[in-house]
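In what follows, a single structure is set out as structure tokens and then discussed.
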Amino acid sequence: MNNVMKYIFIFSIILAGCRPNNMDLSIENAFYSGFSKSYGYRGNANLTGALMVIWPKNVSYDKTQEIRPPKVKILLSQKNEELYTWHEYVRYSIDVLDTIDGDSKYSEINVTEVVLEIEFLPITEGKELNEEEIKDKIKITEKEPEHIGLSLMKYSTCFSCHADKTKHTGPSFSEIAERYENTPSNVESLAGSILEGSKGVWGSEWMSSNPDLTILETERIATFILNQGAKKNNWILPGLEGTFRIIQKPENEVKGLYVLTASYTSASKMRGQHSVILNIR
Amino acid sequence: MKNINRRIFIRNTVYSGLSASIMPAQLIAKDAVTDDEATPESSTETTRKKKVIVAGAGISGLCCAYELMKKGHEVVVLEASGRYGGAVLSVHDGLADGLYADFGAENFTKPGYENYWKYIEEFKLSVLPYFHRENILTRIDGVWQTDEIQKEAYNVRVRQLGGFNKRETQFLLSNPSSDLQLLYLEPYFDKFIDEYKPFGIGYDHLENTSISEIYKKEGASKAAITILDGDKTSALYGIWQAYIMNKRGYDKKLKLFRLEGGNQVLTDALGRRLGSRVKLDCKILEIENSETGVKVKYKEFGETKEMSADFMACCLRTTALKKILVTPTLPPQKQFVFDNLAYDQKTRIVFQARSKFWLEDNISINLTFNHPALLKIWQVADEVATDRVSLMAVAPGGTNPLRTLEAFKELYPGKKSNINIEQALVKDWSSDQFVHGCERHGFSGLGELSKYWPHIMTVHGRIHFGGAHTDNRSWGMEAATNSAIRVALEIEKA
């Protein structure tokens, strides 16, 4: 990267770090009509501390127009349905619009940077939720800055062969987490496999090596895989579209919420999110 | 992060150059479509003309649509990508002097591939012998070994294990060592009536028995049991697959072939005959399956459209099917297949060199590296009249082609200064948006077969399931054409 490019890149990051976090990011509730508000989801959540820069007070937001967080929107296939049922399939697609990267409608978005996170929140029988309580529920799920392990995986080719809870070419994260407890030695061992490649651990297929990653980076990926794989009510689905199946009705619950959060990290390192709540009966 | 960005830049650079070179489909097939050839056969009097939506224009979808068209049925093929052929992909652009290579399906055999051979004859395509699995040098534990050295190592190991018994020794006098399992499995073949029906013939209980137990029961020596290595393979699966191989003659010495000009010549021929019946850039989003027909919602250049038909021939990989909403929900057995079927993922790298540099070292270029960035390499398109050569390298999915080249240069068994590679093209199937996966994995584990079979090929309502992954062996173009013809017959009879 030459000096000019470097300057532009750093300046972009400076601008990115100073956007208000709650613009254009809303949570829509498909059950409670008219319930659609902003909850301040972080639009630039994956900035590391090293890249955070204090925004000069005398600079207007208008000047950041070109690099505001990407707009992300989840679209669901159901027609005007407010209720979803247990074990139902749902088709989703995600629209992304970024002032610099472009529009998913025109295939201008890097699909490997788009992720849908799904979280199931059970609601105990007889305990209806009011708007405030739902807000509290959502706050619980409010996203931390994206796990650096996930960010690294999106940049690499991991999702070409691995998925969170289903099998593809390699084992799923849940299969890996089931076999390996989340201990420092297992993280180190998995990190070694990611770095060097491996064969024969899960079958005869080779896993490619990732020599461009550092040991620390592979350890972060391994940590993310073990954390995510162990989560029973949380799913990560990469890409702009797909389907998922709502879980079977748990024994002790009659209702629940599915919180869907789509996110996209732009080339300018800005992160946009959009969340939708599905009410399950 | 700097490293990662550099990597992405390299990869994107290679891909963008590649896609630009490939997208104009290589319409170089030598056959010509005449009006007579393209005219469909009329449907028989007893068979009603049906409207069929074929999902996916890989070789299976094209073949199925072609068969249905010939029977006089109305077919529409919906293909999500901008080209037809799927994993049959030949590359010409970017290579000099008329060289070419197959990024996808690489060869076919004789015996075997019976349905595939019928199309070769029908379209009068040129076939060439392929010798890339002969005279191989294999790198084992860092040492290059010839086939002869490996054979000697095999014999030493057998001796160390106590040697074969008299029956095995007698058998191997007239059979290759690769067929040793037949000595113990062939007696089980008689019960098979239909090669697509491994269950219900008295062997169901063997699904949870290891095939090693069969060898032991039949009196195999310790050496044979160890070398055949079947502790983790279900006996039912092993016997079934050995039966299919035996029936098709695969346990004899196979001859390999490829199509002159690239294997895409055949899918191009099918596609041209189907003409505008193949609709590209039409991605299926939803399928409504009823007792009387199917309704499909699909996206064509961003516009959502609907289409109805009497039947659907679904020739999509499960990686694509997972993203499609099917109503009513398919049975759990089918859904299990969608969620769990695994595929190989490979990166294919084509090197162009200025000459056959390996001849200066007096070695074969059929090299098996067993390296994480380079599994093997061989020469392709050797009939092209030029000093230059094209080489096909295979690496795990997600491999950076420049790392493959680096591994080749580092480990090449000849003089490194002789290497004169001047060009590298790449196709990483693991990152392909539409053909996400190569051949499917088998179902060899104990208790695994009944989770997948026959559900993988079972008809549900008006949806018939084809594609290479639905056949009883996963050998690419053979499985694809077999399944396509099965589905076309099912729909014809329905």
Side-chain angles (χ1 to χ4, degrees), chain A residues 1 9 48 51 77-78 87-93 104-107 110-112 148 151-152 154-163 165-172 195-199 202-214 217 237 239-245 267 269, chain B residues 1-12 283 285-286 297 299 302 318-319 321-330 332 335 338-347 370-373 375 394-400 403 406-407 428-433 436-438 441-442 444-445:
Chain A
M1 195 181 288
F9 177 73
T48 65
L51 295 176
S77 61
Q78 271 67 3
H87 224 210
E88 178 182 1
Y89 276 97
V90 179
R91 185 172 69 80
Y92 68 90
S93 60
S104 57
K105 187 166 70 173
Y106 303 118
S107 302
N110 178 8
V111 296
T112 62
I148 186 69
S151 302
L152 290 161
K154 292 195 300 187
Y155 273 103
S156 74
T157 56
C158 304
F159 281 115
S160 297
C161 296
H162 298 275
K165 303 290 193 288
T166 60
K167 191 168 184 167
H168 184 30
T169 295
S172 64
L195 193 66
E196 304 288 340
S198 71
K199 185 189 181 187
W202 293 90
S204 58
E205 192 80 355
W206 276 92
M207 182 174 85
S208 59
S209 59
N210 290 277
D212 287 335
L213 296 169
T214 65
E217 286 169 339
L237 302 173
L240 279 167
E241 59 189 343
T243 61
F244 63 88
R245 192 171 203 179
K269 303 298 167 200
Chain B
M1 297 299 269
K2 183 184 169 188
N3 286 339
I4 295 169
N5 285 336
R6 184 189 72 230
R7 177 179 182 170
I8 287 171
F9 171 74
I10 292 168
R11 291 173 58 81
N12 288 344
K283 186 174 195 173
L285 306 172
E286 296 179 13
K297 188 182 282 185
K299 191 185 274 187
T318 55
T319 46
L321 277 165
K322 279 180 193 176
K323 296 183 176 178
I324 295 171
L325 187 68
V326 182
T327 53
T329 302
L330 292 167
Q335 207 55 51
F338 288 6
D339 288 343
N340 291 280
L341 194 67
Y343 294 82
D344 284 352
Q345 296 281 14
K346 295 283 191 293
T347 300
N370 289 325
H371 182 277
L375 305 181
V394 182
T399 303
N400 182 327
R403 291 197 178 275
E406 187 176 84
D428 180 1
W429 289 102
S430 74
S431 63
D432 190 288
Q433 197 182 342
H436 193 189
C438 304
H441 292 180
S444 62

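Everything numeric here is computed off the predicted structure, so don't read it as measured data. The sequence lines fix the lettering, A, B, ..., with proteins before strands; numbering per chain opens at 1.
- The backbone N or O of Cys161(A) sits nowhere less than 3.5 Å from a side-chain atom of Thr169(A) that would complete a donor-acceptor pair.
- Only the side chain of Leu375(B) has a heavy atom closer than 4.5 Å to any heavy atom of chain A.
- For His441(B), the part lying near chain A is the side chain, with the backbone staying farther off; criterion is any non-hydrogen pair under 4.5 Å.
- Thr318(B) does not touch chain A: none of its heavy atoms, backbone or side chain, sits under 4.5 Å away.
- The residue among Lys322(B), Lys323(B), Gln433(B) with the most heavy atom pairs within less than 4.5 Å of chain A is Lys323(B).
- Side-chain contact between Arg245(A) and Thr329(B) is present, with at least one heavy-atom pair separated by less than 4.5 Å.
- A distance-only check finds no donor-acceptor pair linking the side chain of Arg91(A) to the backbone of Thr243(A) [under 3.5 Å].
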Report task. Please report the C-alpha distance between Met207(A) and Trp202(A) in whole Å, then the side-chain angles of each, then the deciding distance to 0.1 Å, and finally whether the side-chain contact (heavy atoms from CB on, under 4.5 Å) criterion is met. Result -> CA-CA 10 Å; Met207(A) 182 174 85; Trp202(A) 293 90; over 6 Å; no

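- The side chain to side chain donor-acceptor pair (under 3.5 Å) check on Thr347(B) picks up Asp428(B), with sequence neighbours excluded.
- Among the candidates Lys167(A), Glu241(A), Lys199(A), His168(A), the residue making the largest number of heavy-atom pairs closer than 4.5 Å to chain B is His168(A).
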